[in-house]
Chemist: 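Sending over a structure as structure tokens; questions will come in a sec.
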Amino acid sequence: MADVLPYKPRAGEIPTNPGVYRFRDADGRVLYVGKAKNLRQRLSNYFAPLRTLHERTRRMVTTASSVEWTVVSTDVDSLQLEYMWIKEFDPPFNVRYKDDKSYPFMAVTLGDEAPRVIVTRNRKIPGARYFGPYPKVWAVHETIDLMVKAFPIRTCSDSSYKRAMQTGRPCFPGQIGKCGGPCSMTVTIEEHRAMVDDFVAFMAGGDERFTRELTTRMLAASAAMDYEAAAKYRDKLSAIEAVLGKSALVLATDEDADLFGIAEDELAAAVQHFVIRGGRVRGVRAMTIEKEIDISGAELVDQVLQRAYGDAQDVPRRILVPSLPDDAAELEVWLRERRGKKVEIAVAQRGQRADLMRTATLNAQQALIRYKTRRTSDYVARTQALTDLQEALGLTEAPLRIECFDISHLGGTNVVASMVVFEDGLPRKDQYRSFNIPETTDDTDSMYQVLRRRLAYLDRPEEADDPAGVVAVAGETGEGLEEVVVEVKRKPRFAYPPQLLLVDGGQPQVEAAARALRDAGHTEIAVCGIAKRLEEIWLPGEDFPVILPRTSESLYLLQRLRDEAHRFAITHQRKRRRNDISSVLSEVPGLGASRIKVLLKHFGSVTALRAAAPGEIEEVQGIGPVLAQNIHSHLSTR
């Protein structure tokens, strides 16, 4: 592979101005769009020696056949142009968004003569004002039912409204008290418009003003002995309080903000967008992102904000993010142009904001897990993943059984290994195995040992692993019944050879696994490794890794295998450490299982218990001075 790209611009040809650049392939398709404060400095990173580039960046620049750029006058202009081109060209190497389109919204059709409130998933109604999204359709309907009690605006269909206005007869929802529009013949179009404005203002976060005003009117009507009006104000106030009770107060009552919680790995990210108005969470929007080019957390925040507010109608005064993008100042200017007022981008570092950020991030982590699990559990996706693996790794058949191995240790001690098994793309937890390994700090040697031990089972006769079971049955003969002994052979452990061995690691671990296969005489089994930093796939004897597309089902399958093996190894290691210290403590006279449990719970860790003085151990309930001294002496000698 040539180390210099043929389309690399000449020295000094790239300007140092801010601008936007585009990589194109031989057919002219835009592959990637990016912005830079200094075009020459940014593009020079892409034209560094290929061996020094990130694997996926290398894939992008080698797929491209040309690069072009557009100089702009300011950094804000470059941000706007980048957003416009990403929307226009949908470049495959930019982050790809998958919005959760199942979430419904509440919309008020402000463009109509008599606006109405509806439940919709359509975000393109002309002139409409949207609130939400809501997690469930019933949640929107419940909110609307409560809101129209306080702000009786139109809810009927356009055809019912038109017919009512032409005939002068109230619409059917108006007749039963479910519609408060002009079609109910109780208010004029102007009065209804004022009510709609109050409805929108309340939903946008002005709840405190309405609560205060209604309370004042109710008390005034009561003092004037106008109890009928006071009762109406009371009912409206109850409806407002019921709506407010549906959303907890998470920030100050005058706080309008959007908060973004993000969870990511090397391939994808999940975003939870909390919409906070008047200090309350008014809606939550979720999206997942597929990352083709490796980008930092700050760059991801930049892309998410561009996506969220590119066509937004409602930009709050404060946006809370997990980390500030490099061009935060330019983003604030860009957002100010959309809002018409100052916008602040800040990191939620302490207090209620930090607590809410942790909640949003936790939701994002769970969403990311669900997204990845959904992809690998779908039958069509699994089939595609196995077929893609066969082609990418050059296998003669699809790897229906894959075994993945991971080594885990604690500073060279407590070395353990795990083996997880996937058949047809699904985990077979009954066939998971764990291994204890003699003390070593060499991962490659540990991998070799474990695979030799596993492969040895393939060469054993069946009886050597699990002896045959014997079952007595009754068989009929000419002279009556007699007992007939029938042998039933059980399936031995590790009986089925895998089509593919996957190891957690790069080239050294793969070579150790290949050596184990050769020494065991099982070269018919394929082997590969997945390196976590770049998610590249290594094959034995190869100088360059196999790069699977980041959006491919095959890479998600291998990633899930690797993560499951790592989880299983860590679980076994922790259990082993607990058992080890419990065994040591059980040798102390007078110290039983219940007291051992109380000791470990009190100190929180084995290290803290070993470092504790006899007086500190004596503070534990049920531990006297003599027993405390015995525990301290026993641990000091072990």
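Here the structure is a predicted model, which means the values were calculated and not measured.
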Chemist: Within this structure, what is the OH-CZ distance for the pair Tyr7 and Arg24, rounded to the nearest 0.5 Å?
Modeler: 13.0 Å

Chemist: Specify the closest pair of heavy atoms between Val421 and Glu403, including all atoms of both residues, with the distance to one decimal.
Modeler: CG2-CG, 4.0 Å

Chemist: Just verifying a value: how many Å separate Asp258 CG and Leu320 CG, rounded to the nearest 0.5 Å?
Modeler: 8.5 Å

Chemist: Quick check: closest heavy atoms across Pro322 and Val347, and the distance to 0.1 Å?
Modeler: O-CG1, 3.7 Å

Chemist: Between Leu517 and Leu455, is a side chain to side chain contact (heavy atoms under 4.5 Å, CB included) present by the stated rule, with each step listed?
Modeler: CA-CA 8 Å; Leu517 286 168; Leu455 295 170; 3.6 Å; yes

Chemist: From Gln431 CD over to Arg401 CZ, what is the distance, rounded to the nearest 0.5 angstrom?
Modeler: 4.5 Å

Chemist: Give the C-alpha distance, both sets of side-chain angles, the deciding distance and a yes or no for side-chain hydrogen bond (donor to acceptor under 3.5 Å, both in side chains) between Asp563 and Gln559.
Modeler: CA-CA 6 Å; Asp563 293 345; Gln559 191 183 41; 5.0 Å; no

Chemist: Can you tell me how far the CD atom of Gln509 sits from the CG atom of Asp406, to the nearest 0.5 Å?
Modeler: 10.0 Å

Chemist: So which heavy atom on Pro325 is nearest to which on Ala298, and how close?
Modeler: CB-O, 3.5 Å

Chemist: Take Arg454 and Arg433 through the test side chain to side chain contact (heavy atoms under 4.5 Å, CB included) and record every step on the way to the result.
Modeler: CA-CA 10 Å; Arg454 185 272 174 273; Arg433 295 291 184 270; over 6 Å; no

Chemist: Step by step, would you call Leu362 with Gln365 a side chain to side chain contact (heavy atoms under 4.5 Å, CB included)?
Modeler: CA-CA 5 Å; Leu362 178 61; Gln365 290 169 347; 3.8 Å; yes

Chemist: Can a donor-acceptor pair be found, under 3.5 Å and without considering hydrogens, that links the side chain of Glu264 to the backbone of Ala269?
Modeler: no

Chemist: Could you tell me how the ring of Phe568 sits relative to the ring of Tyr432: parallel (under 30°), tilted (30 to 60°) or perpendicular (over 60°)?
Modeler: perpendicular

Chemist: Please indicate whether Asp355 has more than 12 foreign heavy atoms, meaning atoms of other residues, nucleotides or ligands, lying under 6.0 Å from its CG.
Modeler: yes

Chemist: Does any non-hydrogen side-chain atom of Ile345 lie less than 4.5 Å from one of Leu324?
Modeler: yes

Chemist: Taking Glu511 for the side chain and Gly541 for the main chain, is one N or O donor matched with an acceptor at less than 3.5 Å?
Modeler: yes

Chemist: Do the non-hydrogen side-chain atoms of Thr387 and Glu391 ever get within less than 4.5 Å of each other?
Modeler: yes

Chemist: For the residue pair Gly34 and Glu82, what are the closest heavy atoms and their distance?
Modeler: CA-OE2, 3.8 Å

Chemist: Could you check whether any side-chain heavy atom of Leu558 comes within less than 4.5 Å of a side-chain heavy atom of Leu502, counting everything from C-beta outward?
Modeler: yes

Chemist: Could you tell me whether the side chain of Val416 reaches within less than 4.5 Å of the side chain of Ser434, counting heavy atoms only?
Modeler: no

Chemist: Around His566, counting heavy atoms of other residues, nucleotides and ligands shown, do more than 12 lie under 6.0 Å from its NE2?
Modeler: no

Chemist: For Ser418 and Ala565, indicate whether the former's side chain and the latter's backbone hold a donor-acceptor pair under 3.5 Å.
Modeler: yes

Chemist: How would you list, by chain and number, every residue that makes a salt bridge (Lys or Arg N to Asp or Glu O under 4.0 Å) with Asp430, sequence neighbours excluded?
Modeler: Arg428

Chemist: Give the minimum heavy-atom separation between Leu548 and Ala392, together with the two atoms involved.
Modeler: CD2-CB, 3.5 Å

Chemist: Flag the pair Val67 / Tyr46 as yes when at least one side-chain heavy-atom distance between them is below 4.5 Å, and no otherwise.
Modeler: no

Chemist: Report yes or no: does Arg42 contribute a side-chain atom to a donor-acceptor pair with the main-chain N or O of Lys35 at less than 3.5 Å?
Modeler: yes

Chemist: Can you check whether Val510 reaches Pro540 side chain to side chain, under 4.5 Å on heavy atoms?
Modeler: yes

Chemist: Could you grab the distance from atom OG1 of Thr62 to atom CG of Asp25, nearest 0.5 Å is fine?
Modeler: 11.5 Å

Chemist: I'd like to know if the side chain of Gln507 and the backbone of Glu542 have a donor-acceptor N/O pair within less than 3.5 Å.
Modeler: yes

Chemist: Start with the C-alpha gap between Gln449 and Phe435, add the side-chain angles, then the distance that decides, and say whether side chain to side chain contact (heavy atoms under 4.5 Å, CB included) holds.
Modeler: CA-CA 10 Å; Gln449 288 186 44; Phe435 304 84; over 6 Å; no

Chemist: Are the aromatic ring centres of Phe93 and Phe23 under 6.0 angstrom apart?
Modeler: no

Chemist: Counting C-beta onward and ignoring hydrogens, is there a side-chain heavy-atom pair between Tyr448 and Arg452 closer than 4.5 Å?
Modeler: yes

Chemist: For Arg29, does its backbone N or O pair with a side-chain atom of Asp27 as donor and acceptor, under 3.5 Å?
Modeler: no

Chemist: Taking atom CG of Leu557 and atom CG of Asp388, what is their separation to the nearest 0.5 Å?
Modeler: 10.5 Å

Chemist: Is it true that a side-chain atom of Gln499 and a backbone atom of Leu400 form a donor plus acceptor pair closer than 3.5 Å?
Modeler: yes

Chemist: Indicate the atoms forming the closest heavy-atom contact of Ala385 with Ser554, along with that distance.
Modeler: O-CB, 3.5 Å

Chemist: Can you find a heavy atom in the side chain of Pro399 that is under 4.5 Å from one in the side chain of Leu386?
Modeler: yes

Chemist: Quick check: does any side chain N or O of Arg382 sit under 3.5 Å from a backbone N or O of Asp424, one acting as donor and the other as acceptor?
Modeler: yes

